[in-house]
Structure formats: C-alpha cells, structure tokens
There are 2 protein chains.
Amino acid sequence: MAEIDSGAEQPVPRKRADARRNEKTLLDAASAAFVASGVDVPVRDIAARAGVGVGTIYRHFPTRADLIVAVYRHQIEACAEAGPALLADSRTPHAALERWINLFVDFLITKHGLAAALQSDAAAFQTLHAYFLDRLVPVCDQLLDAAVAAGEIRPDLDAYGLLRGVGNLCVGAGSDPRYDARRLVQVLIAGLRLH
Amino acid sequence: MAEIDSGAEQPVPRKRADARRNEKTLLDAASAAFVASGVDVPVRDIAARAGVGVGTIYRHFPTRADLIVAVYRHQIEACAEAGPALLADSRTPHAALERWINLFVDFLITKHGLAAALQSDAAAFQTLHAYFLDRLVPVCDQLLDAAVAAGEIRPDLDAYGLLRGVGNLCVGAGSDPRYDARRLVQVLIAGLRLH
DNA sequence: CAACATACGGAACGTCGTTCCGGATACCAA
DNA sequence: TTGGTATCCGGAACGACGTTCCGTATGTTG
C-alpha cells in the first residue's frame, strides 16, 4: 500500500489551484460547522459556510467519513503517538493505559456526535471506522499487552473491544450534564484490574 | 396526576371498534417490523405491514417513542419487577445487581437499534427516555443502595449514570460479532467493586 | 334509517443525502 | 497573447424519509 515513488516522475500532475484552495476552505468550514452543530451537521450547511456548492464537497470528500477523518486526522495521530510515550513515562502499564484512554475520551467527548458516528454501521462511515481502528487499535493493544504482562489486568479483553466500549460510553456525553462519561470509563478501566 | 375516577361516569366514551382493532394490528406489525429491520424501520414499512395508512400510525402513536414503548412495555415491566425479587434471592446485593443488569442487557441487545434510540436526544424520543428512566432508575437505585450499604461497591455512582452507561455499552451490540457488549458490562460492574 | 362524531388513507410538504451535467475556469502549448 | 482542453464548480434534481393535513369512509347513536 505504501507508495515509494519519491524521485520518480509524479504520475499525479498536481491539482488545479482552485481545487487546492477549496479543499482547505472546506476543511476550515467543516471544522467550524462540526463545532457549532456536531458532526451530523447537514452537508448543505458546510457548503454554505465554505461558500461552495454541495457538489464540491462530494468531489473532495466522497463520504462524510472522509471529511471527518480529514478534519481530525492531526488529533488522532497525536493520540496514537502518545501511547508509547505514556508507556515509557508512567509508573505502571495500567497507569499508562488509564492516561491514554483519558486522552481518547477527552478527544471524543469534545466532538459532538463523533462517538455516535463511530458506532454507526452505515456504509458511509466505513472509512471512519477503518481509520480509527488502524491507528488506535495497535497502540491500545501495546498498552494492554504490557499491562497483562505486568500481571495488572485480566487478559481476556482485546483492544478492539475495549476501544469500542470506551467509544460507546462517550456517546451523547456532551449533551447530558447528568451523564459523566469520564467517570464511567474510569470504572470500566478499574474493572480491568485483577482484584 | 393519577386519576381516581373509578365508579364515576367515564368521560372517555370508549373508542370506536375499528380504532381498537387497528391499534392492536399496529402493535403486532410494529413488533414484527422491529424484529425484521430494527426500531429504526421506516414508518411506511410498519404501515404497509399493518395494511393501514401512515396517518393511522401517527394518530395512535404520535411519536416513534410511543410506539416503541407500547411494543416493549411488558418486557420493561418484567425487568423492573425482577429487581426486588433478585435482591431477595441473591447471596449479596452486588450479585443481585449483576444479575439484574444482565437482564437489562439481554433485553437491549436483542432489540436492534433500541440502545441507540435510547441515547438519542431528539425530541421525538423524549417519551422513550422518560419511560425507561421512570421504571428502571428507581429499581437500579434500590439495588445500588443495598450494595453500597453492604460495603460492596463504591458509593459515588448514581443509578442514572450506571443505566445510561450500560445502555451505551449495548449500542450496536447486535451488528458486530467482534464486539461483546456483555463482557464489557461485566467489566464495568466489576469496576464498581471496592477492591 | 338518518345524522353526526370519529377514524382512515394517502397525497403533499419539508429536510436530507447524493448524483449529475452544463457551464466556468485554470493550465498549457503554440 | 491566444486558443484549446482537461479539470473543477454550482446547484438543480432525485429518492428516501418523517410528518401533517383533509376529503372521504365508517361506526355509532337516537
């Protein structure tokens, strides 16, 4: 999958200037719209914000998931990269796991509707699912393995299940002051411990 | 709120026969449609199944939530009533809580899309939310109190938060074989324990 | 059997995601 | 500079859906 064509001629002759400009404009507009109305904001609203037609959105981002991934790519990468660092810095693997999960939760609950979108099994969200899993499951797996190896937690839960569960706990967390997703995630992580 | 007019004349002169018949037909059709396509099944599908127009559905059940509540009322009642019984039968309050939560989870994950609907903050689902909370929160509260009094679990989690968290963990559980909501709920309940 | 209240059916409307294509625009070669 | 062409844009158009509305049908009652 990785392309190693540096040095050779570019088979992609570089996009038109207006196209590149629009792509950036769209990312900014989508980002603002997500903050204002959640990731479920109507496509037309994003288009209006960016001052373009809806067709332009679909040309650059074939599915809503592509747009979401593009907007949040940096933060997801940062979260993924924090995993190994936390493992090195923390006193125990379980502490690292807890801190890393907290990063993930903080990211999710500040993005209105993202956690819900993450659980959607609609075909349009396939890309979103795939990207999150590709980047985060291996990191979580590493933390989980370390904690298991240290004898701190039960060994019968995989990274996918844990991440999905944590993501689920964050659904709707931003819109109900009575619901404290952070605390429930803490309880869940506590439940991993071997008594 | 409770009406104590038994014995007095009935201000509601009893509905027309065809209306009563249609209400029952609709409940059966909705129940079948929920099983076949989840609680998100289009209203028109339910109408077609029942052999009525969509207007008839809205007349009997103003919101989708009303329909869902009507279809599952019996099961929800049964779950609520099982709480005190479990508390009496189980060896410890925590065991009763765990068994009761399992009943709730079993109910949720067999109803495609219900857990997701339960988290929706759309106005149309207000009735659904209210009914679940009215019936189940007091029961859960009772179990939780007993377990706290017995010194088994941490005292800083309320019934609302726990039920909502468990409901969240069940979102999408029926459509992803890799995701085991039951196990995650077990971990969560285990996390309640004072180590 | 009339006459009235009640309930029914499904057309119609607004919203949304998504597709499609005629026209505009950037790029490049001459 | 100028023409030609590949690329890109805008927004109309379509289908699915929830929801409302009203002319018509049907049961109920006197």
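Chain identifiers are assigned alphabetically (A, B, ...) following the order of the sequence lines, protein sequences preceding nucleic acid strands; residue numbering begins at 1 within each chain. Being a predicted model, the structure only gives us computed values, none of them experimental.
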For atom [atom1] of [X] and atom [atom2] of [N], their distance in whole Å:
X       : N      : atom1 : atom2 : answer
B/Asp18 : C/dA7  : CG    : C1'   : 6 Å
A/Ile57 : C/dC16 : CD1   : P     : 13 Å
A/Phe61 : D/dC9  : CZ    : C1'   : 15 Å
B/Asp45 : D/dG15 : CG    : C1'   : 15 Å
A/Arg16 : C/dC28 : CZ    : P     : 11 Å
B/Arg21 : C/dC8  : CZ    : P     : 9 Å
A/Arg44 : C/dG14 : CZ    : C1'   : 11 Å
A/Arg64 : C/dT18 : CZ    : P     : 7 Å

Counting only side-chain heavy atoms from C-beta out, which of [options] sits nearest to [X]?
X       : options                : answer
B/Ala19 : D/dT28, C/dA7, C/dC27  : C/dA7
A/Val54 : D/dA6, C/dT18, D/dG18  : C/dT18
A/Pro42 : C/dA26, D/dG27, C/dG17 : C/dG17

*For the residue pair B/Gly151 and B/Leu194, what are the closest heavy atoms and their distance?*
O-CD1, 3.7 Å

*Where A/Leu114 and A/Val39 come nearest, the two heavy atoms and their spacing*: N-CG2, 3.7 Å

_Please compare B/Ala124 and B/Ala17 by the position of their nearest nucleotide in DNA chain D and report the one closer to 5'._
B/Ala124

*Would you mind telling me which residue lines up with the more 5' stretch of DNA chain C, A/Val41 or A/Arg59, judged by nearest nucleotide?*
A/Val41

*Determine, for B/Tyr131 and B/Arg73, whether the Lys NZ or Arg CZ falls below 6.0 Å from the six-membered ring centre while staying within 45 degrees of the axis.*
yes

*asked:* Over all strands shown, is B/Val52 touching base, sugar-phosphate only, or nothing at heavy-atom distances under 4.0 angstrom?
replied: sugar-phosphate

*Is the phosphate of C/dC8, meaning OP1 or OP2, less than 4.0 Å from a side-chain N or O of B/His60?*
yes

*Using only side-chain N and O atoms of A/Asn22, determine if any of them is under 4.0 Å from OP1 or OP2 of D/dC8.*
no

*Within a strict 4.5 Å, meaning less than it, do heavy atoms of the B/Leu163 and B/Leu133 side chains meet?*
no

*Does any non-hydrogen side-chain atom of A/Cys79 lie less than 4.5 Å from one of A/Trp100?*
yes

